[in-house]
Asker: 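Got a structure for you, questions after.
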Number of protein chains: 2
Amino acid sequence: MNDEYRRSMPLFPISIVISLTDLSARQIRYYEQHELVKPARTEGNRRLFSFNDVDRLLEIKSLIEKGINLAGIKQVLSMQDEEETQEHSEEDIQEAQKDLSEKELRKMLKNELFQGNRMGKSSLRQGELSRFFH
Amino acid sequence: MNDEYRRSMPLFPISIVISLTDLSARQIRYYEQHELVKPARTEGNRRLFSFNDVDRLLEIKSLIEKGINLAGIKQVLSMQDEEETQEHSEEDIQEAQKDLSEKELRKMLKNELFQGNRMGKSSLRQGELSRFFH
DNA sequence: TTTTTGTGTAAGAAATCCTGACACACGTTG
DNA sequence: CAACGTGTGTCAGGATTTCTTACACAAAAA
């Protein structure tokens with residue numbers, strides 16, 4: 001609750017985020033451009049990332065490495081955002097998942113997606129950064 | 001243990017530390033100059049502060065507001081540093097406290113120091129930052 | 001009163017970051 | 001196959017942030 005406030009506090013310049021995520025500046029800016037992350041800005045227009053932002057970037061990176069394109073990642077992330085705010089019934093969740101797997105995933109990700117891990121929530125879930133911080 | 005590693009990771013530029021501590025850049029640099037904090041540096045020589053650094057600065061600020069001068073603060077902090085690394089017997093701790101109170105405090109802080117709170121460890125202890133982060 | 005402390009402020013230089021813009025490999029589409 | 005779309009690298013010019021050094025000064029200490 002107050003926790004979310006702390007995790008969304010703008011703290012890191014892009015250089016730190018680069019070292020934390022091993023993404024390039026170009027990648028990070030490109031993801032922002034496509035609204036996968038929305039870092040805050042200083043008065044002088046410099047990006048400032050929160051813990052949530054960094055977590056999100058790590059998640060994006062993990063999905064990228066699975067071969068998912070940005071459109072797909074956007075879907076996944078927006079679904080997760082919904083889950084965080086609203087409480088869902090079992091049906092809702094299945095509905096949302098159908099939305100992703102039928103309309104987008106099967107078509108554009110072919111079979112690469114489900115090699116090995118079945119994209120279970122566990123591996124995609126938040127808190128990646130908790131390996132570094134607490 | 002691994003926790004200490006995370007808390008000592010250089011993450012924040014001075015601008016963020018300024019907003020987090022409400023200290024001026026001048027103050028922060030001055031404290032560094034007198035070795036109360038030792039922030040890391042980027043390749044380009046910019047300061048990078050860790051959680052521990054910010055905690056320490058908040059502690060410094062709190063002590064400053066109590067009217068303690070830098071020499072006294074340095075003593076207090078160095079004592080705390082020792083406590084963190086080594087395990088002490090009861091005697092050791094009393095010894096250290098005597099070291100501070102007799103040699104320095106009574107002489108240079110006069111009576112201002114003990115007005116109200118008796119400088120109990122509780123109020124000086126670390127983790128101030130935990131009010132903002134976890 | 002003279003000195004020391006702690007902080008403000010300013011200047012010039014250097015580092016970091018910003019937004020385009022162009023390139024390009026690869027995969028997709030017509 | 002040719003044309004297009006996607007995701008990333010890289011470079012340039014400009015803006016912002018930070019650095020050090022130096023001077024100033026009020027308040028406290030000597």
Side-chain angles (χ1 to χ4, degrees), chain A residues 10-49 53 57 60-77 104-113, chain B residues 10-49 53 57 60-75 77 104-113 115:
Chain A
L11 294 175
F12 312 114
I14 198 170
S15 56
I16 293 294
V17 176
I18 288 171
S19 69
L20 246 32
T21 61
D22 268 307
L23 292 168
S24 68
R26 184 69 167 95
Q27 286 178 298
I28 296 172
R29 297 195 188 111
Y30 188 72
Y31 301 155
E32 181 194 27
Q33 194 179 354
H34 290 264
E35 302 185 291
L36 300 188
V37 278
K38 302 189 200 299
R41 298 283 180 136
T42 67
E43 285 187 7
N45 198 38
R46 297 199 162 190
R47 272 166 266 255
L48 279 186
F49 299 78
D53 290 329
L57 284 170
I60 291 170
K61 187 189 182 189
S62 149
L63 293 172
I64 286 272
E65 285 166 354
K66 289 200 177 83
I68 305 179
N69 65 13
L70 292 206
I73 294 175
K74 199 174 215 167
Q75 279 288 317
V76 175
L77 292 181
E104 301 289 337
L105 280 185
R106 189 180 44 178
K107 166 181 162 197
M108 67 187 183
L109 307 181
K110 299 193 172 176
N111 45 17
E112 298 175 330
L113 227 176
Chain B
L11 294 174
F12 311 114
I14 198 170
S15 56
I16 293 295
V17 176
I18 289 171
S19 70
L20 246 31
T21 61
D22 267 307
L23 292 168
S24 69
R26 183 68 167 95
Q27 286 178 298
I28 296 172
R29 297 196 188 109
Y30 187 73
Y31 301 154
E32 180 193 29
Q33 194 179 355
H34 290 264
E35 301 185 292
L36 301 187
V37 279
K38 302 189 198 302
R41 298 281 182 140
T42 66
E43 285 187 8
N45 198 38
R46 299 203 158 185
R47 273 167 267 255
L48 278 188
F49 299 79
D53 291 328
L57 285 171
I60 292 170
K61 187 187 182 191
S62 148
L63 293 172
I64 286 270
E65 286 166 353
K66 290 198 177 81
I68 304 177
N69 65 13
L70 291 207
I73 294 175
K74 200 176 212 166
Q75 278 290 317
L77 292 182
E104 300 290 338
L105 278 185
R106 190 179 42 177
K107 166 181 160 197
M108 69 186 182
L109 307 180
K110 300 194 173 176
N111 45 17
E112 296 178 330
L113 226 179
Q115 33 98 5

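Just so it is clear, the structure is predicted and the values come from calculations on it, not from any experiment.
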Asker: By salt bridge (Lys or Arg N to Asp or Glu O under 4.0 Å), which residues pair with B:Arg46, not counting sequence neighbours?
Answerer: none
Asker: Between D:dA28 atom C1' and B:Leu70 atom CG, what is the distance in whole Å?
Answerer: 13 Å
Asker: Check step by step if side-chain contact (heavy atoms from CB on, under 4.5 Å) holds for A:Leu23 and A:Tyr31.
Answerer: CA-CA 11 Å; A:Leu23 292 168; A:Tyr31 301 155; 4.2 Å; yes
Asker: Looking at side-chain heavy atoms only, is the closest gap between A:Val17 and A:Asp53 below 4.5 Å?
Answerer: no
Asker: Please list, chain by chain and in numerical order, all residues satisfying side-chain contact (heavy atoms from CB on, under 4.5 Å) with B:Pro13, sequence neighbours excluded.
Answerer: A:Pro13, B:Ser15, B:Ile16
Asker: Report the residue (A:Gly44 or A:Ile64) whose heavy-atom-nearest nucleotide on DNA chain D is the more 5′ of the two.
Answerer: A:Ile64
Asker: Distance check needed: D:dT6 P versus A:Ile60 CD1, whole Å only.
Answerer: 17 Å
Asker: Rounded to whole angstroms, how far apart are CG on A:Leu48 and C1' on D:dT16?
Answerer: 12 Å
Asker: Rounded to whole angstroms, how far apart are CZ on B:Phe49 and C1' on D:dT18?
Answerer: 11 Å
Asker: Kindly point out which of D:dT18, C:dC18, C:dT5 is positioned nearest to the side chain of A:Asn45?
Answerer: C:dC18
Asker: More 5' along DNA chain C: A:Ser15 or B:His34, using each one's nearest nucleotide?
Answerer: B:His34
Asker: Find the distance A:Ile73:CD1 to D:dG7:C1' and express it as a whole number of Å.
Answerer: 11 Å
Asker: Report the residues that fulfil side chain to side chain donor-acceptor pair (under 3.5 Å) with B:Asn45, sequence neighbours left out, ordered by chain and then residue number.
Answerer: B:Arg41
Asker: Quick one, B:Arg29 with B:Arg47, criterion side-chain contact (heavy atoms from CB on, under 4.5 Å). Give me CA distance, side-chain angles, the key distance, then yes/no.
Answerer: CA-CA 9 Å; B:Arg29 297 196 188 109; B:Arg47 273 167 267 255; 3.1 Å; yes
Asker: Measure CD1/B:Ile18 against C1'/D:dT18 and give the value in whole Å, please.
Answerer: 9 Å
Asker: Just wondering, do B:Leu11 and A:Leu11 contact through their side chains at under 4.5 Å, heavy atoms?
Answerer: no
Asker: I need the CD-P distance between B:Glu32 and D:dT21, as an integer number of Å.
Answerer: 12 Å
Asker: Applying salt bridge (Lys or Arg N to Asp or Glu O under 4.0 Å), name anything that partners B:Arg26, two or more places apart in sequence or on another chain.
Answerer: none
Asker: Applying side-chain contact (heavy atoms from CB on, under 4.5 Å), run through A:Leu57 and A:Phe49 and close with a yes or a no.
Answerer: CA-CA 10 Å; A:Leu57 284 170; A:Phe49 299 78; 4.1 Å; yes
Asker: If I take atom CD in residue A:Gln33 and atom P in nucleotide D:dT6, what distance separates them, rounded to the nearest angstrom?
Answerer: 12 Å
Asker: Which of residues 35-43 of chain B sit near DNA chain D, with a heavy atom under 4.0 Å from it?
Answerer: B:Arg41
Asker: So which protein N/O to nucleotides 9-14 of chain D N/O distances come out below 3.5 Å?
Answerer:
from, atom 1, to, atom 2, distance (Å)
D:dG9, OP2, A:Ser24, OG, 2.5
D:dG9, N7, A:Arg26, NE, 3.2
D:dG9, O6, A:Arg26, NE, 3.3
D:dG9, O6, A:Arg26, NH2, 3.0
D:dT10, O4, A:Arg26, NE, 3.2

Asker: I want to check one thing: is the phosphate of C:dT7, taken as OP1 and OP2, less than 4.0 Å away from some side-chain N or O of B:Tyr30?
Answerer: no
